[in-house]
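Since the structure comes first, as C-alpha cells, the remarks are kept for the end.
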Amino acid sequence: MNRIYIKAATQISMQQPLSEEWMTAPLEPAEPYLRSVDPNFREWLNPLESRRMGKIMKRALVTALKVMRDTAITQPDAIITGTGLGCIENTELFLDQLCREGEEMLKPTYFMQSTHNTISSLIAIQTGCHGYNTTYSHKSVSFDSALFDAFTQLRLGDIQTALVTGNDEMTPSYFRILQRTGYIGQPGQVTASEASVAMMLTTDPTDALCEVEQMSMSFGTPAVPPTDTDLLVVGTNGSEANDAPYRQVISQYPGIQTFDYKQLFGESYTASGLGIYATAHLLHQGKASRALFVNHSDGQNHSYVVLKKL
C-alpha cells in the first residue's frame, strides 16, 4: 500500500485568501454571517473568461491553479470535488429569472453553471486534464468523501496524484433559510461563511506538508480509530446538536490539545476542507507531530483522518 502526502494546500475563506496569515494574524469576525475575502482574480484568470464565471467558479479555479503552481503538477491523475450546495448563487439567479420572466428568455449561463459537478468540470477544462473527474455532495462530509475517494485510489496505486477541492458559497437568502431552521446564525454560534479549498495529494513525500496516515468513514455509531495523537481537530460551532459528538470524542483523549477550526474559518458545508487544510499547515510548522481530525454530518455520517508530521 502506498503512503499518501499532502503536497500543497490553499484556501479562500473569511481569512486572508491564498495565505497562511491566519496562523499569526487571524481575522476574528463577530458577525453571524460573512462572505469570503476574495483575492485579485485578475492575477490568475483571463478577465474575458472570468466575467462569465460566478464567484464560486473563480474561487475554485484559483485555488486549484495555486496548488498546481506550488507543486508543479499541472496534470493530476484525478480531480475530485466536494460541495454541499454546489453553485447555489447561479441556481438562485436562474430560478429567480424563471419566476420573473417565464421560460422563454432565460440566460443559459446561469443554468449551465448551476449544477454541482460544474466546478470539477471547469477545473479540468481550464487545465486540460482528461483523467478521473467526479463530485461528491453529502452535506457536511462532502469534502471528506472526496478526500476518501482520493485516499483510496492513491493507497491502491490506481493514481499517483489527485487534486482534491472543496467549494461552497453562502448566499444571503440561503443564510436566512438556515438561520430560521436554527442550523446557523444563532447567538453563541460561529460565523456562517463560505469556503474554497484545494490540496494536491501525491505518493511522493518530497517537500510535502504532511502525511495522510489513516482515513475512515462510518455511518451511525462513531468508530474513532485508536491512535497516539497530540492534536485533536474538531469542528465545534456553538450548536448543541453539532458539538455533542465532538465532546464525546474529546472525552476519549483527556489532556490532548484541541484545535477548533470553525472559530477561525466559520461554518459551511465545506468547513471540513478548511480544517484539513489548517491541520496540514500546523503540522508542517511543527505545532504538532500527529493530529486526529474528526468530522460528522447530522451526527450520523462520521469521518476521521490521521495526519502526521514529516
Side-chain angles (χ1 to χ4, degrees), residues 1-12 56-71 73-87 113 115-169 195-204 208-217 268-280 293 295 297 301 303-305 307:
M1 292 289 187
N2 290 323
R3 298 175 69 175
I4 302 161
Y5 307 90
I6 297 178
K7 198 85 162 180
T10 194
Q11 56 79 28
I12 294 175
I56 192 172
M57 308 293 286
K58 296 178 186 179
R59 294 168 183 167
L61 186 54
V62 167
T63 52
L65 292 173
K66 175 70 161 56
V67 296
M68 286 181 175
R69 188 185 72 178
D70 290 347
T71 60
I73 299 173
T74 58
Q75 296 283 312
D77 296 332
I79 298 175
I80 311 174
T81 290
T83 177
L85 298 175
C87 305
Q113 296 187 5
T115 60
H116 289 63
N117 61 1
T118 302
I119 300 170
S120 263
S121 302
L122 173 73
I123 297 171
I125 291 170
Q126 291 289 325
T127 57
C129 295
H130 302 285
Y132 181 81
N133 189 296
T134 196
T135 298
Y136 288 89
S137 184
H138 300 311
K139 297 185 73 174
S140 296
V141 292
S142 297
F143 180 85
D144 312 53
S145 301
L147 184 66
F148 190 61
D149 186 348
F151 178 84
T152 303
Q153 293 196 61
L154 286 162
R155 180 62 63 89
L156 294 174
D158 293 341
I159 58 176
Q160 301 301 313
T161 58
L163 173 66
V164 182
T165 79
N167 301 277
D168 268 301
E169 53 192 350
S196 284
V197 61
M199 55 188 66
M200 189 70 73
L201 273 65
T202 78
T203 55
D204 177 14
L209 295 175
C210 67
E211 179 182 355
V212 184
E213 194 174 53
Q214 300 178 46
M215 182 170 186
S216 63
M217 299 188 71
S268 69
Y269 282 126
T270 312
S272 63
L274 290 167
I276 294 288
Y277 148 83
T279 305
F293 174 86
N295 186 40
S297 179
N301 293 284
S303 65
Y304 307 96
V305 187
L307 300 111

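Worth knowing before you read on, the calculation uses all heavy atoms, side chains too, and leaves out hydrogens, waters and symmetry mates.
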task = Applying side chain to side chain contact (heavy atoms under 4.5 Å, CB included), name anything that partners S140, two or more places apart in sequence or on another chain.
result = Y183, Y269, S297
request  = Evaluate the ring planes of Y136 and H138, with Trp represented by its six-membered ring, and classify them as parallel (under 30°), tilted (30 to 60°) or perpendicular (over 60°).
outcome  = tilted
query = Closest heavy-atom contact between A146 and G82?
reply = CB-N, 3.8 Å
ask   = Tell me, do H116 and C87 make a side-chain contact under 4.5 Å, heavy atoms counted?
value = no
message = Main chain of T161, side chain of D77: is a donor-acceptor contact present, judged purely on distance under 3.5 Å?
response = yes
inquiry  = Please find the pair of heavy atoms, one from A64 and one from L163, that lie closest to each other, and give the distance.
reply    = CB-CD2, 3.8 Å
note = The complete set of salt bridge (charged side-chain N to carboxylate O under 4.0 Å, His left out) pairs with one or both residues in residues 127-149, sequence neighbours excluded, reads K139-D298
request  = For S120 and N117, indicate whether the former's side chain and the latter's backbone hold a donor-acceptor pair under 3.5 Å.
outcome  = no
key: Main-chain N/O of L65 paired with Q126 side-chain donor or acceptor, under 3.5 Å   = no
Heavy-atom side-chain proximity of T202 to I73 below 4.5 angstrom = yes
inquiry  = Do T83 and S142 pair up side chain to side chain, a donor and an acceptor below 3.5 Å, judged on atom types alone?
reply    = no
query = L201 and V164: side chain to side chain contact (heavy atoms under 4.5 Å, CB included), yes or no, with the steps?
reply = CA-CA 7 Å; L201 273 65; V164 182; 4.3 Å; yes
Side-chain heavy-atom pair E169, I56 within 4.5 angstrom cut-off = yes
inquiry  = Could you walk me through whether M215 and Y304 satisfy the side chain to side chain contact (heavy atoms under 4.5 Å, CB included) test, starting with their C-alpha distance in whole Å, then the side-chain angles of each, then the deciding distance to 0.1 Å, before giving a yes or no?
reply    = CA-CA 6 Å; M215 182 170 186; Y304 307 96; over 6 Å; no
query = Under the ring pair (Phe, Tyr, Trp, His ring centres under 6.0 Å) test, which residues partner Y5, sequence neighbours left out?
reply = none
message = When you compare the side chains of N167 and S196, does any donor N or O come within less than 3.5 Å of an acceptor on the partner?
response = yes
request  = Kindly indicate whether the side chain of L156, heavy atoms from C-beta on, has any atom under 4.5 Å from the side chain of M1.
outcome  = yes
key: Side-chain (S272) to main-chain (G275) donor-acceptor, under 3.5 angstrom   = no
ask   = Can you check whether S303 reaches S216 side chain to side chain, under 4.5 Å on heavy atoms?
value = no
inquiry  = Do Y132 and I159 have side chains that approach each other closer than 4.5 Å (heavy atoms only, starting at C-beta)?
reply    = no
